[in-house]
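For reference, the structure discussed in these notes is given below.
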Amino acid sequence: MFFAGTRSYQVLLWAPATISHTLPSVIGIWAVLGAVRAARSGLRWARTAAAASVLLVGMAVGMLSEPFTLVAGLLAATVAVLCLPRLGWAADRYVSTWCAAACLGLATGLTLLVLDTQTDSPAERLYRGAGWTAAGTIPDFAADPSGVLRPTTLYYKRLG
């Protein structure tokens, strides 16, 4: 409780926040290292395996963290464009193909969005009106500005 705070909801949210903010970066770095190793090996099957694995990694990361997905997708798309063979920065299409697979995986992972809001708040009415589906309510989950614990309703929305 020393690192997370004195309130129970802070302690409960510290570990999940660490996962959603740290794990996607670590997974992304390992995927890039795998792609670099495959590129250096020069083996066609290694390059194919790296592109296929980044598709799956992108799907997993897309489900973990929406902000990371948007930033990673933008960076991967930029690298894909800059490394097109006609620009002369890469000798073949491996980097562009790998980045496109990463973007496809990230986009696929974003097909299920999840959020939470205070129960009976104006935001809850807004989300219901926008087509979000209530998944459940957690009593006394988060404090309002005055410090009183209030229930929270979880919502989800499928894209596509």
Side-chain angles (χ1 to χ4, degrees), residues 2-5 9-118 123-124 126-138 141-142 152-160:
F2 175 75
F3 293 108
Y9 72 91
Q10 291 173 327
V11 174
L12 294 173
L13 290 179
W14 182 76
T18 301
I19 292 169
S20 68
H21 290 79
T22 306
L23 193 59
S25 300
V26 172
I27 293 171
I29 289 169
W30 279 104
V32 169
L33 291 175
V36 170
R37 184 170 173 106
R40 287 185 176 171
S41 76
L43 300 172
R44 184 175 175 90
W45 69 265
R47 290 178 169 207
T48 303
S53 67
V54 79
L55 177 70
L56 297 174
V57 165
M59 289 171 58
V61 168
M63 289 183 228
L64 280 176
S65 172
E66 290 92 6
F68 183 86
T69 299
L70 297 176
V71 171
L74 179 63
L75 289 173
T78 303
V79 169
V81 169
L82 291 176
C83 289
L84 288 172
R86 75 180 82 159
L87 294 179
W89 287 25
D92 58 16
R93 296 191 179 274
Y94 170 67
V95 175
S96 298
T97 303
W98 187 91
C99 291
C103 289
L104 180 63
L106 291 168
T108 303
L110 274 178
T111 58
L112 179 66
L113 302 178
V114 179
L115 62 81
D116 64 272
T117 188
Q118 182 179 330
E124 184 179 26
L126 175 75
Y127 296 136
R128 283 187 189 269
W132 289 77
T133 304
T137 301
I138 304 170
F141 183 71
T152 297
T153 303
L154 298 170
Y155 286 91
Y156 70 91
K157 187 173 192 174
R158 291 193 185 275
L159 300 177

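We use all heavy atoms of the structure for the numbers below, so side chains are in, but hydrogens, waters and symmetry mates are not. Sequence positions, counted from 1, serve as the residue numbers for this chain.
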Going by side chain to side chain donor-acceptor pair (under 3.5 Å), name the residues that satisfy it together with R37, two or more places apart in sequence or in a different chain.
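With sequence neighbours excluded, R37 shows a side chain to side chain donor-acceptor pair (under 3.5 Å) to no residue whatsoever.
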Test side chain to side chain donor-acceptor pair (under 3.5 Å) applied to Y155 - qualifying residues, sequence neighbours left out:
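Listed in chain order: E124, R128.
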Any idea which heavy atoms bring [X] and [Y] closest together, and the distance?
X: S53; Y: A50; answer: OG-O, 3.0 Å
X: A134; Y: Y156; answer: O-CE2, 4.5 Å
X: A101; Y: L55; answer: O-CD1, 3.5 Å

Heavy atoms, side chains only, cut-off 4.5 Å: are V32 and W98 in contact?
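Counting from C-beta outward, V32 and W98 do come under 4.5 Å.
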Measuring from atom [atom1] of [X] to atom [atom2] of [Y], what distance do you get when rounded to the nearest 0.5 angstrom?
X: L154; Y: T137; atom1: CG; atom2: OG1; answer: 7.5 Å
X: L115; Y: Y127; atom1: CG; atom2: OH; answer: 5.0 Å
X: T117; Y: L126; atom1: OG1; atom2: CG; answer: 9.0 Å

